[in-house]
Amino acid sequence: MSELDKNLKDAEKLFARFRNSTLPHFIDGKSDSGRSGKTFENLTPIDNSVIGTVAAGNAEDIDAACKAAEDAFGEWRAMPGKERKKVLHRIADGIVDNAREIALVESYDSGQPLKFMSKAAIRGAENFRFFGDKAPAARDGQSLPADEHINFSVRQPIGPVGVITPWNTPFMLSTWKIAPALAAGCTVVHKPAEWSPYTAMMLAEIAHEAGLPSGVLNCVQGLGENAGKALTEHPAIKAVAFVGESQTGSRIMKQGADTLKRVHFELGGKNPVIVFDDADLDRALDAVVFMIYSLNGERCTSSSRLLIQESIQDEFTKRLTQRVNKLKVGHPLDPNTEIGPLVHRRHFEKVSSYFEFAKEDGARIAAGGKAIDGPGNFVQPTLFSGATNSMRIAQQEIFGPVLTAIPFKDEADAIAIANDIEYGLAGYVWTNDIGRGHRIANALDAGMIWVNSENNRHLPSPFGGMKASGIGRDGGDYSFEFYMETKNICVALGSHRVPQLGR
Ligand code: NAD
């Protein structure tokens, strides 16, 4: 039996559970079929066949989950940090034990190649371990002495929080939000994306089996405009951590205004990778290919705009085209597949529409440029060359395996093109001139810059974007700044003079 057949057989076994029954919510430590009885269908992008039905959560389901999170908050926040640490480590162990199952389900449900999803599940476990280790010190503050008083700050968890996640690498992204929230002492209501609902349920079950008290992590399935909206408006929810499109972020900010929600947004990107003629071009080529064609290009930090110095444009584009034409498109459960199907027919249509936009706007299609016939959502990995930065393929987030190459003359030109965009998530620079690397890093309006590197994640470092790419930062202590309130306590050291009125 081939590896693909074996993986398919195992995935089928895992989905058997969902074929004949509706995927429920997980509320207050139990699976919960919902209050409306309404459901929606979930399809696999491999051939658009129905995997199963999913409970369509509404405001009442969200209310039940928020009440459970509110009731559980007192006990969870009072648990000593070192005990919370143990629970988070047990969740990490549970993820590792189920890593293959998580990866298979994620791949089949979202179309992301198994090659990348097996690593994503393990990264989810690492997120739990990293923030678990930080739990005992999460409350720590600063000592700020004054002349006659001692000020000191402490942090306390903000309360129940809402976590709303997208469909690209859904499992890993949800752990990236949920692990620090739990480590801080918050309770959570999670609303996963409707196009990739399964692994959120697996996470809730793993956490429950690991001893997370009932009500601390709840998961409500459903559509953004119903369940998601209700979560952002619920008065028990003190903060909303959201990962998704910039327009949705703006909507959530409006929805949360009446209840004064604290928000953390990780939004879209159209990130430049700038390649200078003095760079190590072999390494730059590897990174350019990896950072747009891995994860189906459905990646917020993908370098979807290649800014290439004119002097090396022809040679670099030629080598790049050869690599793009050799990428292996195929079944996501085939361990050799590098590009799988796009998550949903609607997204496939959106990505495919840019093949026409490129032609209309006058770019050249150097590789790919077509949808692949068949029942699944496959497109050819695509390279547009000779583009200008004003074209739609250069300005809009396509979120597929599609790269737009734009030539530039010199350093000033590269910086101007890179910054001429509404987004500001990430930027990548390839040069062997160390001074130039620093100058560009300093000049780019983006939250994260990598010099002579692909996206290399370091959990203590800040992750997040500027401009339309987000508000706030994740990672290390930055995550606690979001999930916790800082309180200052001021104590008089002696008998300083108190103002005396009305004596
Ligand atoms: P999306 O905004 O359509 O949906 C994200 C989530 O929001 C889903 O769970 C959806 O149900 C929910 N939602 C939709 N409308 C809502 C509303 N009115 N109120 C509350 N919730 C609502 O995004 P998507 O298409 O699922 O994901 C792709 C996007 O995510 C891309 O733009 C990508 O760049 C972005 N993303 C950003 C990062 C980052 O770190 N900056 C990481 C991953 C993905």
Side-chain angles (χ1 to χ4, degrees), residues 40 42 54 56-59 62 109-112 120 123 162-177 189-197 199-200 219-234 237 240-257 259 261 263-271 292 295-304 342-351 396-400 421-426 446-448 455 457 462-475 478-479:
F40 61 93
N42 185 42
V54 182
N58 63 10
I62 287 288
D109 190 15
S110 72
Q112 292 281 9
R123 277 185 62 196
V163 171
I164 302 179
T165 47
W167 42 257
N168 65 316
T169 60
F171 183 83
M172 203 288 293
L173 276 177
S174 62
T175 64
W176 182 228
K177 299 285 169 187
V189 178
H190 177 205
K191 209 298 283 171
E194 48 270 49
W195 289 350
S196 59
T199 51
C219 170
V220 178
Q221 304 288 353
L223 308 186
E225 55 270 34
N226 300 330
K229 180 167 183 286
L231 181 57
T232 61
E233 292 173 343
H234 199 285
I237 296 296
V240 173
F242 168 73
V243 186
E245 283 189 19
S246 304
Q247 280 178 353
T248 316
S250 154
R251 232 172 273 139
I252 288 176
M253 194 174 248
K254 291 191 192 109
Q255 291 162 194
T259 48
K261 291 279 187 286
V263 292
H264 184 171
F265 289 161
E266 285 179 13
L267 310 173
K270 188 78 181 177
N271 312 296
I292 182 66
L295 296 172
N296 293 346
E298 297 164 329
R299 175 185 202 146
C300 57
T301 51
S302 72
S303 51
S304 48
L342 299 174
V343 66
H344 193 274
R345 203 69 190 170
R346 259 200 345 250
H347 186 56
F348 162 89
E349 277 156 14
K350 174 188 157 177
V351 172
Q396 297 173 10
E397 187 185 42
I398 303 174
F399 220 54
I421 193 94
E422 66 172 308
Y423 296 108
L425 186 60
M448 296 170 285
N455 168 343
R457 197 65 199 102
F463 183 103
M466 299 180 183
K467 295 159 72 176
S469 289
I471 298 176
R473 295 292 180 271
D474 268 322
Y478 297 92
S479 298

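Both counts, for ligands and for their atoms, begin at 1 and track the order of listing.
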Under 3.5 Å, N or O to N or O, is Glu266 touching ligand 1 that way? yes
NE2 (His264) and CZ (Phe242) are apart, to the nearest 0.5 Å, by 11.5 Å
What do you reckon, does Glu225 have a nitrogen or oxygen under 3.5 Å from a nitrogen or oxygen of ligand 1?
no
Ranked by distance from atom 37 (C) of ligand 1, the top protein heavy atom is Leu267 O, 3.0 Å
Let me see the working for Leu231 and Val220 under side-chain contact (heavy atoms from CB on, under 4.5 Å), right down to the final yes or no. CA-CA 9 Å; Leu231 181 57; Val220 178; over 6 Å; no
Sub-3.5 Å N/O-N/O distance, Asn168 and ligand 1 | no
Heavy-atom protein contact below 4.0 Å for atom 26 (O) of ligand 1:
yes
Atom 2 (O) of ligand 1: closest protein heavy atom, distance to 0.1 Å, is Thr248 OG1, 2.6 Å
**Asked** Can an N or O of Ser469 be found at a distance shorter than 3.5 Å from an N or O of ligand 1?
**Response** no
Quiz item: Has ligand 1 got any nitrogen or oxygen that is less than 3.5 angstrom from a nitrogen or oxygen of Thr232?
Solution: no
request  = Determine yes or no for a side-chain-to-main-chain donor-acceptor pair under 3.5 angstrom, with Arg473 supplying the side chain and Gly465 the backbone.
outcome  = yes
Here the atoms of ligand 1 under 4.0 Å from any heavy atom belonging to Val243 are 5 (C), 36 (N), 37 (C), 38 (C), 42 (C), 43 (C), 44 (C)
Going by distance only, is there an N or O of Glu194 that falls short of 3.5 Å from an N or O of ligand 1?
yes
N/O donor-acceptor pairs under 3.5 Å from side chains in residues 221-230, not counting sequence neighbours:
from	atom 1	to	atom 2	distance (Å)
Gln221	NE2	Pro197	O	3.2
Lys229	NZ	Glu233	OE2	3.1

Derivation and outcome, side-chain contact (heavy atoms from CB on, under 4.5 Å), residues Met448 and Leu425 = CA-CA 6 Å; Met448 296 170 285; Leu425 186 60; 3.8 Å; yes
Looking only at protein heavy atoms, what sits closest to atom 35 (C) of ligand 1 is Gly244 O, 3.3 Å
Looking only at protein heavy atoms, what sits closest to atom 36 (N) of ligand 1 is Cys300 CB, 3.7 Å
Atom 18 (N) of ligand 1: of Glu298, Lys350, Lys229, Gln255, the nearest heavy atom sits on Gln255
(message) Is it the case that ligand 1 has an N or O less than 3.5 angstrom from some N or O of Leu173?
(response) no
If you scan protein heavy atoms around atom 24 (P) of ligand 1, the nearest is Trp167 NE1, 3.3 Å
Here the atoms of ligand 1 under 4.0 Å from any heavy atom belonging to Leu425 are 41 (N)
Quick note on ligand 1: atoms under 4.0 Å from a heavy atom of Phe463 include exactly 40 (O)
Per-atom filter on ligand 1: closer than 4.0 angstrom to a heavy atom of Ile164 are 6 (C), 7 (O), 9 (O), 12 (C), 20 (C), 21 (N)
Looking only at protein heavy atoms, what sits closest to atom 32 (O) of ligand 1 is Glu397 OE1, 2.7 Å
Steps toward side-chain contact (heavy atoms from CB on, under 4.5 Å) verdict (Asn168, Ser110):
CA-CA 7 Å; Asn168 65 316; Ser110 72; over 6 Å; no
A student checking ligand 1 against Ile252 at a 4.0 Å heavy-atom cut-off should list atoms 19 (N), 20 (C), 21 (N)
Taken to the nearest 0.5 Å, the spacing of Trp176 CH2 from Phe463 CZ works out to 7.0 Å
Rounded to the nearest 0.5 Å, the CH2 atom of Trp195 sits from the CG atom of Asn42 at a distance of 11.0 Å
Give me the ring orientation class for Phe399 and Trp167: parallel if the planes are under 30° apart, tilted from 30 to 60°, perpendicular past 60°.
-> perpendicular
Q.
Tell me if a side-chain donor or acceptor on Lys467 pairs with a main-chain N or O of Ile421 at a distance below 3.5 Å.
A. yes
Problem set entry | Whether Phe265 lies under 4.0 Å from ligand 1, heavy atom | no
| query | Should Thr232 and Ile237 be marked as a side-chain contact (heavy atoms from CB on, under 4.5 Å) after you check the CA-CA gap, both sets of side-chain angles, and the distance that decides it? | reply | CA-CA 7 Å; Thr232 61; Ile237 296 296; over 6 Å; no
- Query: Less than 3.5 Å between some nitrogen or oxygen of Gly224 and one of ligand 1, yes or no?
  - Reply: yes
Per-atom filter on ligand 1: closer than 4.0 angstrom to a heavy atom of Gly228 are 19 (N), 20 (C), 21 (N)
So the atoms of ligand 1 within less than 4.0 Å of a heavy atom of Ala193 turn out to be 8 (C), 9 (O)
So CD1 of Ile164 and NZ of Lys191: to nearest 0.5 Å the spacing works out to 7.0 Å
Residue, atom and distance of the protein heavy atom nearest atom 9 (O) of ligand 1 read Thr165 O, 2.8 Å
protein heavy-atom neighbour closest to atom 23 (O) of ligand 1 works out as Glu245 N, 3.4 Å
In ligand 1, the atoms that come under 4.0 Å of a heavy atom of Pro192 are 9 (O)
Out of Phe399, Tyr423, Trp195, the nearest non-hydrogen contact to atom 28 (C) of ligand 1 is supplied by Phe399
Distance col, row Met172:CE vs Arg457:CZ, nearest 0.5 angstrom, shows 8.5 Å
Residue set satisfying side chain to side chain contact (heavy atoms under 4.5 Å, CB included) with Thr165, at least two apart, ordered chain then number -> Val163, Ser174, His190, Pro192
Q. Is a side-chain donor-acceptor pair under 3.5 Å present for Asn455 with Thr301?
A. yes
Item to check | Candidate pair Lys261 and Thr259, rule side chain to side chain donor-acceptor pair (under 3.5 Å), full reasoning | outcome: CA-CA 6 Å; Lys261 291 279 187 286; Thr259 48; 2.7 Å; yes
